[in-house]
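In what follows, a structure is listed as structure tokens, so that the remarks can point back to it.
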Amino acid sequence: MTGGPEPLMSMRLRVEQDIFVVRQLGREVARAVGLETQDQTRMATALSEVGRVLLAGGQDADVAFTVVPYGVPTLQVSMAHPAPGEAGRLAEQLQQVGRLVDTMEVDDGGSGTVVRMARRLPPGAPPLTPARMDEIRTGLAQHVPGSPLDELAVQNQQLIAALDEVRAQRDDLARLNAELEETNRGVMALYHQLSEELEETNRGVVALYAELDEKSVQLRAASEAKSRFLANVSHELRAPVTAIIGLGRLLTDSGSDDLTEEQDRQVGLIRTSATDLLTLVNGLLDLAKAEAGRIEPNWSDVDLRAMFGQLRGTLRPLATRPEVDFIVEEPAVPGIRSDEVLLAQVLRNLLTNALKFTEDGSVRLSVRSTGGDVEFVVADTGTGIPPELHERIFEEFYQVPGSKPVSGRGTGLGLPYARRLAGILGGGLRVDSEPGSGSTFTLQLPAVS
Ligand code: ADP
């Protein structure tokens, strides 16, 4: 070895016993430079094998141990004997040995045959500083080789340790396999369970949907039946009620025979009741028609100024209380595309209610435009409605318990009808109200229908 690092140790193999020595030395060197126990044994075994094969050629052999401390630190061993032309034989005989080290090469130089082996040191090996190398050199120089018997004992121990390790590894492997199988079984069971549950859930969802479909068909049928019933009954009632009102009028007519005061009072009662009944029947008929989808809006450009004027005129007679200001503002929006009759009907219902439930203060109608919508606002300073009843007042026949109109009577059909009409006009109707601080009903319609 020229030009490379200085050898840690060299020796010459002459006789068979030297093979044990080189084996021991190899293990010592391997240990000193930081190779792990198994690698120490591998290195020792490789050395004794190469030594045996070289000696068998009948020549002495020189052994040199060197460490390359830079790059990936490596332990290198060269074993050489002076007879050239032996490379072929050696390479063939040492095939197995090559597996014990990282690299092995056989050189057939002019001055003899060289076997070179190398083994990389593990990353955790202590750094090989020049001081450490000197220390190793001194240690090796003092090494006293043991007898072949000692070496045999060491080899036996190593063999037993290796066998133990192989057995332990085999046991570990068997245990791992068993665990893996167990886990696989578990995973499969879980998978089956999950897919069964999923299937079950899917079946449930499908059944639920079918039931929902069926229920909504039933509901639609029930709602249609109700509308039909209301329409028929109301229609049938209208004629006799109208007749009763007419007959009552005839009885109290100036052309009829005079009635006693009591009779006059009673006929008066019959006429009022019949008129109330007719209002109810008409209300029911309107609602049934709206619910049955039989109201087709008649779209036109509605002049809001004219409509507000008319509402002001027709409702003024209802605003009889001097304590209540009935204000119909000048419309801030000149017109809207809508159904004039239906729109006026909704506003009339809201204004009538406001006048009915306001003792003093004001009832105000205004209109404003918000984004793409037009909002009609009917605000009063009346009794107000508790928040939890804000939706209920839109149910048929619902009247706020204890709420008494200041004037007139009600049927509980005005708001449900107004909301229906708002929907037919493409908008909605909502309320903001607190008991004691009045109510604000807002009819929201699209600016362009
Ligand atoms: P009604 O014919 O009784 O007025 P509606 O459907 O128009 O029927 O109204 C339902 C109920 O909602 C009324 O009976 C009343 O209790 C309440 N309500 C409606 N509008 C107002 C309002 N402006 N102020 C206070 N309460 C109202």
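Heavy-atom basis, side chains included; hydrogens, waters and symmetry copies ignored. The residues of the chain are indexed from 1 along the displayed sequence. Counting starts at 1 for both ligands and their atoms, in listed order. On a predicted model such as this, the values are computed, not experimentally measured, just so you know.
Taking 4.0 Å as the cut-off between side-chain N and carboxylate O, R430 and E375 count as a salt-bridged pair. Residues R368 and E329 are not paired through a salt bridge, judged by the lack of any N-O separation under 4.0 Å between the basic side chain and the carboxylate. A salt bridge links R116 to D107: at least one charged side-chain nitrogen sits closer than 4.0 Å to a carboxylate oxygen. Salt-bridge check for E179 with R175: passed, with a basic side-chain N closer than 4.0 Å to an acidic carboxylate O.
Residue-ligand proximity, K356 to ligand 1, at heavy-atom distances under 4.0 Å covers atoms 1 (P), 2 (O), 4 (O). Each of the following atoms of ligand 1 lies closer than 4.0 Å to a heavy atom of S403: 15 (C), 16 (O). Applying the 4.0 Å criterion to heavy atoms of F441 picks out, from ligand 1, the atoms 20 (N), 23 (N). Of all atoms in ligand 1, listed by their number and element, those nearer than 4.0 Å to a heavy atom of A354 are 23 (N).
Between the side chain of T381 and the backbone N or O of S362 there is at least one donor-acceptor pair closer than 3.5 Å.
Remark: minimum distance from atom 5 (P) of ligand 1 to any protein heavy atom is reached at L415 N, 3.5 Å. If you check which protein heavy atom lies closest to atom 10 (C) of ligand 1, you get Y398 O, 3.3 Å. For atom 23 (N) of ligand 1, the nearest non-hydrogen atom of the protein is D380 OD2, 2.9 Å. Atom 3 (O) of ligand 1 has its closest protein heavy atom at Q399 NE2, 2.7 Å. Among all protein heavy atoms, the one lying closest to atom 2 (O) of ligand 1 is T411 N, 2.8 Å. Nearest protein heavy-atom contact of atom 12 (O) of ligand 1 is I393 CG2, 3.4 Å. Nearest protein heavy-atom neighbour of atom 13 (C) of ligand 1: F357 CZ, 3.7 Å.
Within the structure, the closest approach of P416 to ligand 1 falls below 4.0 Å when heavy atoms are considered. In this structure, G412 is part of the shell of residues with a heavy atom less than 4.0 angstrom from ligand 1. In this structure, F394 has no heavy atom closer than 4.0 Å to ligand 1.
The side chain of T383, and not its backbone, has at least one atom closer than 4.0 Å to an atom of ligand 1 (non-hydrogen atoms only; side chain from C-beta on). Contact annotation for T358 and ligand 1: no heavy atom of the residue comes within less than 4.0 Å of the ligand. Contacts with ligand 1 closer than 4.0 Å are made by side-chain heavy atoms of I385 only, the backbone lying farther away.
At under 3.5 Å, a nitrogen or oxygen of V400, whether backbone or side chain, sits near a nitrogen or oxygen of ligand 1.
The nearest pair of heavy atoms linking L389 to P401 is CD1-CD, 4.1 Å.
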(message) Run the side chain to side chain donor-acceptor pair (under 3.5 Å) test on E28 and Q40 for me, step by step, so that the C-alpha distance in whole Å, both residues' side-chain angles and the decisive distance to 0.1 Å come before the verdict.
(response) CA-CA 8 Å; E28 274 308 300; Q40 293 169 22; over 6 Å; no
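Checking R271 against T252 by side-chain atom types alone, a donor-acceptor pair falls below 3.5 Å. Side chains of E165 and Q38: a donor on one and an acceptor on the other come within 3.5 Å. Looking only at atom types and distance, the side chain of E262 has a donor-acceptor partner in the side chain of Q266 under 3.5 Å away. For the residue pair N349 and Q345, a side-chain donor N or O sits within less than 3.5 Å of a side-chain acceptor on the partner.
Residue N353 holds the heavy atom nearest to atom 19 (C) of ligand 1 of all those in T440, N353, V431.
At a threshold of 4.5 Å between non-hydrogen side-chain atoms, the residues V50 and M117 count as touching.
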